[in-house]
Asks: 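Below you'll find the structure I mean.
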Amino acid sequence: MSAAQDISWVSLAFSLLILLIPLAGFWYYRVGLTRSTLIAITRMVIQLSAVALYLEFIFEQNNAFLNSAWVLIMILVGVFTTLKRSGLNHRVLAVPLVISGVTSIVIVDAFFLGFVIKLPYVFESQYFIPISGMILGNAMNHNIVGLNAYFEGLVKNQNLYYFLLINGKGKKAAINPFIVQAIRKALNPMIANTSVMGLISLPGMMTGQILGGNSPATAIRYQIMIMLAIFAGCSINLMLSIMLGNKSAFDRMDRIAPGVLRTKVD
Amino acid sequence: MHKVEANGIQVTFGSKVILNDINFAIEQGQKVSITGVSGRGKTTLLRILAGIVPPNMGSVSFDGEPFNRQTAKNIRSKIAYLPQGVELMATNGKELADLLSIDILSAVTILKQLKLEKEALYQPFADLSGGEKQRLLISLILSLNRPILLLDEPTSALDQTSTEVLMELIWGREELTVISTSHSALWNSKCHKIIEL
(Lines give C-alpha, C1' and ligand atoms only; values in the text may rest on other atoms or scores of the structure.)
Protein backbone atom coordinates (compact mmCIF):
# COMPACT_ATOMS: atom_id res chain seq x y z
CA MET A 1 0.00 0.00 0.00
CA SER A 2 1.35 3.44 -0.93
CA ALA A 3 0.62 6.72 0.83
CA ALA A 4 -2.10 8.98 -0.62
CA GLN A 5 -1.28 10.97 -3.77
CA ASP A 6 -0.76 14.57 -2.66
CA ILE A 7 -3.10 17.30 -3.99
CA SER A 8 -1.47 20.57 -4.95
CA TRP A 9 -3.06 23.91 -4.04
CA VAL A 10 -3.54 24.60 -7.76
CA SER A 11 -5.40 21.31 -8.20
CA LEU A 12 -7.48 22.05 -5.13
CA ALA A 13 -8.40 25.47 -6.54
CA PHE A 14 -9.28 23.74 -9.82
CA SER A 15 -11.66 21.42 -7.89
CA LEU A 16 -13.84 24.43 -7.03
CA LEU A 17 -14.93 24.48 -10.67
CA ILE A 18 -17.20 21.48 -9.99
CA LEU A 19 -19.40 23.87 -7.98
CA LEU A 20 -20.44 25.57 -11.19
CA ILE A 21 -22.84 22.71 -11.91
CA PRO A 22 -24.88 22.87 -8.65
CA LEU A 23 -24.74 26.68 -8.68
CA ALA A 24 -26.10 26.70 -12.25
CA GLY A 25 -28.89 24.42 -11.03
CA PHE A 26 -29.64 26.77 -8.09
CA TRP A 27 -29.76 29.71 -10.52
CA TYR A 28 -32.01 27.83 -12.97
CA TYR A 29 -34.50 26.80 -10.27
CA ARG A 30 -34.22 30.12 -8.38
CA VAL A 31 -33.43 28.17 -5.19
CA GLY A 32 -31.87 31.17 -3.47
CA LEU A 33 -28.99 29.17 -1.97
CA THR A 34 -26.15 30.58 -4.08
CA ARG A 35 -25.00 33.20 -1.57
CA SER A 36 -25.17 30.92 1.46
CA THR A 37 -23.38 28.15 -0.45
CA LEU A 38 -20.53 30.47 -1.44
CA ILE A 39 -20.23 31.81 2.13
CA ALA A 40 -20.28 28.28 3.58
CA ILE A 41 -17.60 27.04 1.19
CA THR A 42 -15.40 30.10 1.75
CA ARG A 43 -15.73 29.63 5.52
CA MET A 44 -14.94 25.94 5.20
CA VAL A 45 -11.79 26.61 3.16
CA ILE A 46 -10.55 29.32 5.55
CA GLN A 47 -11.38 27.33 8.70
CA LEU A 48 -9.80 24.12 7.46
CA SER A 49 -6.69 25.94 6.24
CA ALA A 50 -6.30 27.64 9.59
CA VAL A 51 -6.92 24.37 11.42
CA ALA A 52 -4.34 22.63 9.20
CA LEU A 53 -1.73 25.17 10.23
CA TYR A 54 -2.63 24.84 13.91
CA LEU A 55 -2.82 21.05 13.75
CA GLU A 56 0.59 20.83 12.10
CA PHE A 57 1.90 22.85 15.04
CA ILE A 58 0.21 20.78 17.75
CA PHE A 59 1.04 17.50 16.02
CA GLU A 60 4.67 18.59 16.11
CA GLN A 61 4.46 19.51 19.81
CA ASN A 62 2.37 16.45 20.74
CA ASN A 63 1.79 17.96 24.16
CA ALA A 64 -0.99 16.62 26.43
CA PHE A 65 -1.97 20.09 27.63
CA LEU A 66 -2.12 21.58 24.12
CA ASN A 67 -4.03 18.60 22.74
CA SER A 68 -6.54 18.71 25.60
CA ALA A 69 -6.95 22.46 25.15
CA TRP A 70 -7.74 21.90 21.46
CA VAL A 71 -10.35 19.26 22.31
CA LEU A 72 -11.82 21.59 24.92
CA ILE A 73 -12.14 24.31 22.26
CA MET A 74 -13.93 21.79 20.01
CA ILE A 75 -16.30 21.00 22.91
CA LEU A 76 -17.03 24.67 23.55
CA VAL A 77 -17.67 25.43 19.88
CA GLY A 78 -19.92 22.34 19.70
CA VAL A 79 -21.89 23.38 22.79
CA PHE A 80 -22.50 26.94 21.63
CA THR A 81 -23.44 25.78 18.14
CA THR A 82 -25.84 23.26 19.69
CA LEU A 83 -27.43 25.92 21.89
CA LYS A 84 -27.75 28.33 18.99
CA ARG A 85 -29.18 25.79 16.55
CA SER A 86 -31.58 24.23 19.03
CA GLY A 87 -32.90 27.58 20.29
CA LEU A 88 -31.87 26.93 23.90
CA ASN A 89 -30.74 29.47 26.46
CA HIS A 90 -26.97 29.71 27.02
CA ARG A 91 -27.39 30.93 30.58
CA VAL A 92 -29.47 27.92 31.60
CA LEU A 93 -27.81 25.12 29.66
CA ALA A 94 -24.22 26.02 28.67
CA VAL A 95 -22.56 24.66 31.83
CA PRO A 96 -24.45 21.31 31.86
CA LEU A 97 -23.67 20.80 28.17
CA VAL A 98 -19.95 21.55 28.59
CA ILE A 99 -19.76 19.10 31.52
CA SER A 100 -21.57 16.47 29.43
CA GLY A 101 -19.23 17.02 26.47
CA VAL A 102 -16.09 16.74 28.60
CA THR A 103 -17.38 13.69 30.50
CA SER A 104 -18.42 11.79 27.37
CA ILE A 105 -15.06 12.47 25.68
CA VAL A 106 -13.09 11.41 28.76
CA ILE A 107 -15.06 8.13 29.02
CA VAL A 108 -14.98 7.23 25.33
CA ASP A 109 -11.38 8.33 24.64
CA ALA A 110 -10.06 6.62 27.75
CA PHE A 111 -11.87 3.41 26.79
CA PHE A 112 -10.95 3.29 23.11
CA LEU A 113 -7.49 4.90 23.13
CA GLY A 114 -6.37 3.39 26.43
CA PHE A 115 -8.00 -0.02 26.48
CA VAL A 116 -8.88 -0.87 22.87
CA ILE A 117 -6.01 0.59 20.82
CA LYS A 118 -3.78 0.37 23.94
CA LEU A 119 -1.84 3.53 23.19
CA PRO A 120 1.10 4.02 25.57
CA TYR A 121 0.27 7.74 25.52
CA VAL A 122 -3.49 8.42 25.22
CA PHE A 123 -2.97 12.10 24.35
CA GLU A 124 -1.08 11.11 21.18
CA SER A 125 -2.28 13.85 18.85
CA GLN A 126 -2.50 11.57 15.80
CA TYR A 127 -5.27 9.60 17.58
CA PHE A 128 -6.62 11.82 20.34
CA ILE A 129 -7.55 14.81 18.17
CA PRO A 130 -9.17 13.18 15.10
CA ILE A 131 -11.09 10.59 17.12
CA SER A 132 -12.32 13.20 19.62
CA GLY A 133 -13.25 15.43 16.68
CA MET A 134 -15.29 12.73 14.99
CA ILE A 135 -17.14 11.95 18.22
CA LEU A 136 -17.80 15.62 19.00
CA GLY A 137 -18.91 16.49 15.47
CA ASN A 138 -21.46 13.70 15.50
CA ALA A 139 -22.51 14.40 19.08
CA MET A 140 -23.23 18.01 18.19
CA ASN A 141 -25.57 17.01 15.37
CA HIS A 142 -27.44 14.53 17.55
CA ASN A 143 -27.58 16.92 20.50
CA ILE A 144 -29.14 19.62 18.33
CA VAL A 145 -31.97 17.27 17.39
CA GLY A 146 -32.34 15.59 20.78
CA LEU A 147 -32.10 18.64 23.04
CA ASN A 148 -34.39 20.67 20.84
CA ALA A 149 -36.96 17.85 20.83
CA TYR A 150 -36.71 17.48 24.61
CA PHE A 151 -36.75 21.07 25.85
CA GLU A 152 -39.02 22.50 23.17
CA GLY A 153 -41.33 19.50 23.66
CA LEU A 154 -41.48 20.20 27.39
CA VAL A 155 -42.16 23.91 26.99
CA LYS A 156 -44.65 23.60 24.15
CA ASN A 157 -46.44 20.66 25.71
CA GLN A 158 -46.16 21.78 29.31
CA ASN A 159 -49.82 20.99 29.98
CA LEU A 160 -48.97 17.33 29.50
CA TYR A 161 -45.89 17.62 31.72
CA TYR A 162 -47.91 19.18 34.56
CA PHE A 163 -50.74 16.70 34.01
CA LEU A 164 -48.23 13.85 34.49
CA LEU A 165 -46.37 15.63 37.31
CA ILE A 166 -49.43 16.26 39.46
CA ASN A 167 -51.48 13.16 38.67
CA GLY A 168 -48.56 10.77 38.41
CA LYS A 169 -45.57 9.82 40.46
CA GLY A 170 -43.49 12.99 40.36
CA LYS A 171 -41.04 14.70 38.06
CA LYS A 172 -38.97 11.66 37.08
CA ALA A 173 -42.04 9.88 35.73
CA ALA A 174 -43.46 13.06 34.18
CA ILE A 175 -40.35 13.85 32.12
CA ASN A 176 -39.75 10.27 31.03
CA PRO A 177 -42.03 10.30 27.93
CA PHE A 178 -40.32 13.51 26.78
CA ILE A 179 -36.87 11.97 27.26
CA VAL A 180 -37.85 8.80 25.40
CA GLN A 181 -39.19 10.83 22.49
CA ALA A 182 -36.08 13.02 22.31
CA ILE A 183 -33.59 10.14 22.47
CA ARG A 184 -35.50 8.22 19.81
CA LYS A 185 -35.66 11.22 17.53
CA ALA A 186 -31.94 11.94 17.93
CA LEU A 187 -30.50 8.45 17.80
CA ASN A 188 -32.82 6.60 15.40
CA PRO A 189 -31.11 8.03 12.29
CA MET A 190 -27.71 6.96 13.63
CA ILE A 191 -28.99 3.45 14.36
CA ALA A 192 -30.39 3.27 10.81
CA ASN A 193 -27.09 4.58 9.42
CA THR A 194 -25.11 2.05 11.44
CA SER A 195 -27.22 -0.83 10.16
CA VAL A 196 -26.48 0.01 6.51
CA MET A 197 -22.83 0.94 7.04
CA GLY A 198 -20.79 -0.32 4.10
CA LEU A 199 -23.90 -1.02 2.01
CA ILE A 200 -25.28 2.41 1.16
CA SER A 201 -23.21 4.76 3.30
CA LEU A 202 -19.51 5.29 2.73
CA PRO A 203 -17.51 5.04 5.93
CA GLY A 204 -15.39 8.18 6.16
CA MET A 205 -12.65 6.91 8.43
CA MET A 206 -12.21 3.72 6.41
CA THR A 207 -11.85 5.73 3.21
CA GLY A 208 -9.31 7.99 4.90
CA GLN A 209 -7.29 5.02 6.16
CA ILE A 210 -7.22 3.33 2.75
CA LEU A 211 -6.23 6.60 1.06
CA GLY A 212 -3.55 6.98 3.73
CA GLY A 213 -2.02 3.64 2.68
CA ASN A 214 -3.41 1.24 5.29
CA SER A 215 -4.76 -2.20 4.40
CA PRO A 216 -8.56 -2.59 4.08
CA ALA A 217 -8.53 -5.02 7.03
CA THR A 218 -6.97 -2.41 9.34
CA ALA A 219 -9.23 0.27 7.87
CA ILE A 220 -12.33 -1.82 8.64
CA ARG A 221 -11.25 -2.47 12.23
CA TYR A 222 -10.74 1.26 12.74
CA GLN A 223 -14.08 1.97 11.10
CA ILE A 224 -15.90 -0.44 13.41
CA MET A 225 -14.12 1.07 16.40
CA ILE A 226 -14.95 4.63 15.42
CA MET A 227 -18.60 3.70 14.81
CA LEU A 228 -18.78 2.24 18.32
CA ALA A 229 -17.00 5.30 19.74
CA ILE A 230 -19.37 7.67 17.94
CA PHE A 231 -22.46 5.74 19.00
CA ALA A 232 -21.33 5.54 22.63
CA GLY A 233 -20.09 9.15 22.66
CA CYS A 234 -23.28 10.59 21.17
CA SER A 235 -25.57 8.54 23.42
CA ILE A 236 -23.63 9.34 26.59
CA ASN A 237 -23.38 13.01 25.67
CA LEU A 238 -27.09 13.37 24.89
CA MET A 239 -28.32 11.48 27.95
CA LEU A 240 -25.92 13.34 30.25
CA SER A 241 -26.91 16.68 28.69
CA ILE A 242 -30.56 15.95 29.42
CA MET A 243 -29.79 14.68 32.91
CA LEU A 244 -27.59 17.64 33.87
CA GLY A 245 -29.71 20.12 31.92
CA ASN A 246 -32.70 19.07 34.01
CA LYS A 247 -30.95 20.39 37.13
CA SER A 248 -31.16 23.94 35.82
CA ALA A 249 -34.26 23.61 33.62
CA PHE A 250 -36.60 23.12 36.59
CA ASP A 251 -37.05 25.03 39.81
CA ARG A 252 -37.26 23.44 43.25
CA MET A 253 -41.00 22.91 42.88
CA ASP A 254 -40.39 20.99 39.62
CA ARG A 255 -41.79 23.81 37.51
CA ILE A 256 -40.19 24.41 34.12
CA ALA A 257 -37.82 27.33 34.65
CA PRO A 258 -38.65 30.44 32.64
CA GLY A 259 -36.23 31.13 29.80
CA VAL A 260 -35.18 27.57 28.96
CA LEU A 261 -35.83 28.40 25.33
CA ARG A 262 -34.09 31.42 23.86
CA THR A 263 -37.08 32.15 21.68
CA LYS A 264 -40.57 32.44 23.10
CA VAL A 265 -42.87 29.59 22.15
CA ASP A 266 -46.50 30.45 21.41
CA MET B 1 -61.28 18.01 56.58
CA HIS B 2 -59.55 19.50 53.58
CA LYS B 3 -59.47 23.23 53.18
CA VAL B 4 -58.09 25.33 50.33
CA GLU B 5 -57.29 28.99 50.97
CA ALA B 6 -55.98 31.82 48.83
CA ASN B 7 -54.72 34.99 50.47
CA GLY B 8 -54.02 38.20 48.57
CA ILE B 9 -53.06 36.52 45.30
CA GLN B 10 -51.61 38.89 42.76
CA VAL B 11 -50.19 38.00 39.35
CA THR B 12 -48.71 40.37 36.81
CA PHE B 13 -47.33 39.62 33.36
CA GLY B 14 -45.04 42.53 32.56
CA SER B 15 -47.00 45.65 33.41
CA LYS B 16 -50.37 43.92 33.02
CA VAL B 17 -52.12 42.91 36.25
CA ILE B 18 -53.82 39.57 35.65
CA LEU B 19 -55.05 38.82 39.16
CA ASN B 20 -55.31 41.34 41.96
CA ASP B 21 -55.90 40.61 45.63
CA ILE B 22 -57.75 37.32 45.24
CA ASN B 23 -58.97 35.83 48.51
CA PHE B 24 -61.13 32.80 49.17
CA ALA B 25 -61.56 29.77 51.39
CA ILE B 26 -62.98 26.49 50.11
CA GLU B 27 -64.20 23.80 52.49
CA GLN B 28 -64.06 20.08 51.84
CA GLY B 29 -66.84 18.86 49.55
CA GLN B 30 -67.55 22.23 48.00
CA LYS B 31 -67.90 22.45 44.24
CA VAL B 32 -66.51 25.80 43.14
CA SER B 33 -66.35 27.50 39.76
CA ILE B 34 -63.99 30.29 38.77
CA THR B 35 -65.77 32.44 36.20
CA GLY B 36 -65.09 35.51 34.13
CA VAL B 37 -64.58 36.52 30.54
CA SER B 38 -61.57 35.24 28.59
CA GLY B 39 -58.24 36.70 29.64
CA ARG B 40 -59.27 37.43 33.24
CA GLY B 41 -56.89 34.80 34.64
CA LYS B 42 -59.17 31.81 35.36
CA THR B 43 -56.66 29.27 34.09
CA THR B 44 -53.80 31.16 35.76
CA LEU B 45 -55.59 30.99 39.12
CA LEU B 46 -56.12 27.25 38.69
CA ARG B 47 -52.43 26.86 37.79
CA ILE B 48 -51.49 28.78 40.95
CA LEU B 49 -53.62 26.36 42.99
CA ALA B 50 -51.80 23.46 41.28
CA GLY B 51 -48.45 25.03 42.17
CA ILE B 52 -47.49 25.53 38.52
CA VAL B 53 -47.44 29.32 38.45
CA PRO B 54 -45.93 31.24 41.37
CA PRO B 55 -47.98 34.31 42.31
CA ASN B 56 -46.14 37.65 42.48
CA MET B 57 -47.80 38.29 45.82
CA GLY B 58 -49.95 36.31 48.22
CA SER B 59 -50.10 32.63 49.00
CA VAL B 60 -52.13 29.47 48.65
CA SER B 61 -52.52 26.92 51.40
CA PHE B 62 -53.99 23.46 51.65
CA ASP B 63 -55.16 22.36 55.09
CA GLY B 64 -53.26 25.30 56.56
CA GLU B 65 -50.01 24.28 54.83
CA PRO B 66 -48.63 26.97 52.52
CA PHE B 67 -47.75 25.73 49.01
CA ASN B 68 -43.96 25.93 48.81
CA ARG B 69 -41.05 23.71 47.90
CA GLN B 70 -41.10 21.87 51.20
CA THR B 71 -44.79 21.06 50.99
CA ALA B 72 -45.26 20.77 47.20
CA LYS B 73 -44.96 16.99 47.04
CA ASN B 74 -47.37 16.41 49.88
CA ILE B 75 -49.93 18.93 48.62
CA ARG B 76 -49.76 17.63 45.04
CA SER B 77 -50.46 14.13 46.31
CA LYS B 78 -53.90 15.41 47.39
CA ILE B 79 -54.69 17.01 44.03
CA ALA B 80 -55.84 15.65 40.71
CA TYR B 81 -55.46 18.16 37.88
CA LEU B 82 -56.95 18.29 34.40
CA PRO B 83 -55.58 21.13 32.27
CA GLN B 84 -57.07 22.14 28.95
CA GLY B 85 -55.65 20.86 25.68
CA VAL B 86 -53.38 18.12 26.95
CA GLU B 87 -51.58 16.83 23.88
CA LEU B 88 -51.08 13.25 24.75
CA MET B 89 -47.92 11.41 23.86
CA ALA B 90 -49.51 8.14 24.92
CA THR B 91 -51.33 6.22 22.20
CA ASN B 92 -54.45 5.42 24.19
CA GLY B 93 -56.10 5.64 27.59
CA LYS B 94 -54.62 2.36 28.78
CA GLU B 95 -51.09 3.58 28.09
CA LEU B 96 -51.84 6.84 29.92
CA ALA B 97 -53.38 4.92 32.83
CA ASP B 98 -50.19 2.84 33.07
CA LEU B 99 -48.10 6.03 33.09
CA LEU B 100 -50.16 7.32 36.00
CA SER B 101 -50.26 3.92 37.75
CA ILE B 102 -54.06 3.93 37.66
CA ASP B 103 -56.06 0.85 38.55
CA ILE B 104 -57.78 -0.13 35.28
CA LEU B 105 -60.78 -1.76 36.98
CA SER B 106 -61.55 1.43 38.84
CA ALA B 107 -61.14 3.48 35.63
CA VAL B 108 -63.49 1.15 33.74
CA THR B 109 -66.15 1.51 36.45
CA ILE B 110 -66.05 5.29 36.17
CA LEU B 111 -65.94 5.13 32.37
CA LYS B 112 -69.20 3.18 32.44
CA GLN B 113 -70.76 5.71 34.80
CA LEU B 114 -69.85 8.35 32.20
CA LYS B 115 -71.55 6.23 29.50
CA LEU B 116 -68.36 5.13 27.82
CA GLU B 117 -67.46 1.53 27.03
CA LYS B 118 -64.33 -0.16 28.31
CA GLU B 119 -63.07 -0.30 24.71
CA ALA B 120 -62.60 3.50 24.79
CA LEU B 121 -59.55 2.88 26.97
CA TYR B 122 -57.87 0.92 24.20
CA GLN B 123 -58.91 3.10 21.25
CA PRO B 124 -56.26 5.46 19.86
CA PHE B 125 -56.87 9.01 21.10
CA ALA B 126 -57.01 10.14 17.48
CA ASP B 127 -60.12 7.99 16.97
CA LEU B 128 -62.02 9.47 19.94
CA SER B 129 -64.24 12.53 19.65
CA GLY B 130 -63.45 15.59 21.79
CA GLY B 131 -66.23 14.69 24.23
CA GLU B 132 -65.14 11.05 24.51
CA LYS B 133 -61.54 12.08 25.12
CA GLN B 134 -62.63 14.56 27.80
CA ARG B 135 -64.77 11.96 29.59
CA LEU B 136 -61.94 9.42 29.36
CA LEU B 137 -59.43 11.86 30.92
CA ILE B 138 -61.89 12.78 33.68
CA SER B 139 -62.51 9.13 34.47
CA LEU B 140 -58.76 8.54 34.69
CA ILE B 141 -58.16 11.36 37.12
CA LEU B 142 -61.24 10.45 39.17
CA SER B 143 -59.73 6.95 39.47
CA LEU B 144 -56.80 8.48 41.32
CA ASN B 145 -59.14 9.02 44.27
CA ARG B 146 -57.53 12.30 45.28
CA PRO B 147 -59.61 14.49 47.61
CA ILE B 148 -59.25 17.71 45.57
CA LEU B 149 -59.96 18.06 41.85
CA LEU B 150 -58.73 21.01 39.80
CA LEU B 151 -60.54 21.02 36.44
CA ASP B 152 -59.91 23.51 33.64
CA GLU B 153 -63.06 23.71 31.49
CA PRO B 154 -64.15 20.12 32.18
CA THR B 155 -67.32 20.43 30.10
CA SER B 156 -65.95 22.37 27.11
CA ALA B 157 -66.38 19.42 24.70
CA LEU B 158 -69.47 17.89 26.34
CA ASP B 159 -73.09 18.17 25.24
CA GLN B 160 -75.81 18.85 27.82
CA THR B 161 -76.57 15.16 28.47
CA SER B 162 -72.90 14.28 29.01
CA THR B 163 -72.51 17.35 31.24
CA GLU B 164 -75.47 16.22 33.37
CA VAL B 165 -74.04 12.68 33.65
CA LEU B 166 -70.64 14.06 34.70
CA MET B 167 -72.23 16.41 37.23
CA GLU B 168 -74.29 13.60 38.72
CA LEU B 169 -71.11 11.59 39.22
CA ILE B 170 -69.07 14.46 40.67
CA TRP B 171 -71.82 15.95 42.85
CA GLY B 172 -72.55 12.41 44.05
CA ARG B 173 -69.11 12.36 45.67
CA GLU B 174 -69.99 14.61 48.56
CA GLU B 175 -66.55 14.55 50.18
CA LEU B 176 -64.81 15.54 46.93
CA THR B 177 -63.67 19.16 46.65
CA VAL B 178 -63.81 20.47 43.08
CA ILE B 179 -62.35 23.75 41.87
CA SER B 180 -63.05 24.37 38.21
CA THR B 181 -63.17 26.97 35.52
CA SER B 182 -66.28 26.69 33.39
CA HIS B 183 -68.39 28.58 30.91
CA SER B 184 -71.26 26.11 31.37
CA ALA B 185 -74.31 27.80 32.91
CA LEU B 186 -75.59 24.42 34.06
CA TRP B 187 -72.32 23.54 35.80
CA ASN B 188 -72.01 26.97 37.39
CA SER B 189 -75.65 26.99 38.56
CA LYS B 190 -75.03 23.92 40.74
CA CYS B 191 -71.75 25.10 42.26
CA HIS B 192 -71.65 25.95 45.96
CA LYS B 193 -69.45 28.92 45.30
CA ILE B 194 -68.58 31.12 42.34
CA ILE B 195 -65.31 33.04 42.26
CA GLU B 196 -65.92 35.84 39.80
CA LEU B 197 -62.80 37.38 38.27
Side-chain angles (χ1 to χ4, degrees), chain A residues 89 92 145-188 238-239 242 246-266, chain B residues 13-14 43-44 46-56 60 62 66-91 95-102 107 125 133 137-146 148-153:
Chain A
N89 195 330
V92 180
V145 176
L147 295 177
N148 177 265
Y150 177 62
F151 288 107
E152 195 173 296
L154 260 178
V155 174
K156 277 188 172 172
N157 206 357
Q158 54 181 283
N159 272 351
L160 174 63
Y161 166 69
Y162 289 118
F163 176 81
L164 296 174
L165 174 73
I166 295 168
N167 300 319
K169 289 189 162 176
K171 182 181 140 196
K172 197 178 163 193
I175 58 175
N176 195 59
F178 294 92
I179 295 177
V180 169
Q181 195 186 47
I183 292 177
R184 283 187 179 164
K185 200 169 173 184
L187 299 184
N188 255 338
L238 177 60
M239 289 187 280
I242 291 176
N246 279 337
K247 305 266 179 219
S248 44
F250 294 90
D251 68 12
R252 289 178 175 199
M253 282 175 71
D254 297 333
R255 297 181 290 226
I256 301 167
V260 171
L261 297 185
R262 202 158 16 89
T263 44
K264 195 171 180 270
V265 176
D266 294 325
Chain B
F13 291 154
T43 296
T44 304
L46 211 61
R47 285 163 70 91
I48 289 171
L49 293 173
I52 298 170
V53 174
N56 298 92
V60 167
F62 287 74
F67 210 143
N68 56 38
R69 65 189 166 91
Q70 279 85 25
T71 60
K73 199 173 174 188
N74 181 42
I75 290 177
R76 283 189 182 133
S77 70
K78 299 173 187 173
I79 297 171
Y81 171 58
L82 181 62
Q84 277 189 80
V86 182
E87 279 182 37
L88 300 155
M89 280 180 179
T91 318
E95 212 178 295
L96 190 59
D98 289 343
L99 267 177
L100 300 175
S101 307
I102 285 172
F125 284 122
K133 200 170 118 183
L137 290 174
I138 291 171
S139 52
L140 289 181
I141 67 160
L142 277 170
S143 316
L144 292 167
N145 280 321
R146 308 260 173 102
I148 300 161
L149 280 191
L150 302 179
L151 306 174
D152 200 355
E153 296 287 357

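Each chain gets a letter, A, B and so on, in the order the sequences are listed, and its residues count up from 1. Both backbone and side-chain heavy atoms feed into the values below; hydrogens, waters and symmetry mates do not.
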Asks: Could you tell me which portion of B:Ile141 (side chain, backbone, both or neither) has an atom closer than 4.5 angstrom to a non-hydrogen atom of chain A?
Replies: side chain
Asks: Measure the OG-CG distance between B:Ser77 and B:Leu144 for me, rounded to the nearest 0.5 Å.
Replies: 11.5 Å
Asks: Between OH of B:Tyr81 and CG of B:Leu151, what distance do you get to the nearest 0.5 Å?
Replies: 10.0 Å
Asks: Examine whether an atom of B:Ile75 lies under 4.5 Å from a heavy atom of chain A, and if so say whether it belongs to the side chain, the backbone or both; otherwise answer neither.
Replies: neither
Asks: Return the CG to CG distance between A:Asn167 and B:Leu99, rounded to the nearest 0.5 Å.
Replies: 11.5 Å
Asks: Roughly how far apart are A:Leu164 CG and A:Asn176 CG, rounded to 0.5 Å?
Replies: 10.0 Å
Asks: A side-chain contact here means heavy atoms from C-beta on lying under 4.5 Å apart; do A:Met253 and B:Pro54 qualify?
Replies: no
Asks: So for B:Ile52, is it side chain, backbone, both, or neither that comes closer than 4.5 Å to the heavy atoms of chain A?
Replies: both
Asks: Which atoms form the tightest heavy-atom contact between A:Asp254 and A:Tyr161, and what is the distance?
Replies: O-OH, 2.7 Å
Asks: Testing the basics here: between B:Phe67 and B:Ala72, what is the closest heavy-atom pair and its distance to 0.1 Å?
Replies: CE2-CA, 3.5 Å
Asks: Under 4.5 Å heavy-atom distance to chain A, tell me which part of B:Asn68 shows up: side chain, backbone, both or neither.
Replies: backbone
Asks: Give, as side chain, backbone, both or neither, the part of A:Arg252 having an atom under 4.5 angstrom from any heavy atom of chain B.
Replies: both
Asks: Sort B:Leu150 into side chain, backbone, both or neither according to what part of it lies under 4.5 angstrom from a heavy atom of chain A.
Replies: neither
Asks: Determine the minimum heavy-atom distance between B:Ile102 and B:Ala107, stating which atoms define it.
Replies: CG2-CB, 4.1 Å
Asks: Looking at CZ of B:Phe62 and CD1 of B:Ile79, how far apart are the two atoms once the value is rounded to the nearest 0.5 Å?
Replies: 4.0 Å
Asks: Write out, in numerical order, the residues from residues 178-187 of chain A with a heavy atom short of 4.5 Å from a heavy atom in chain B.
Replies: A:Phe178, A:Gln181
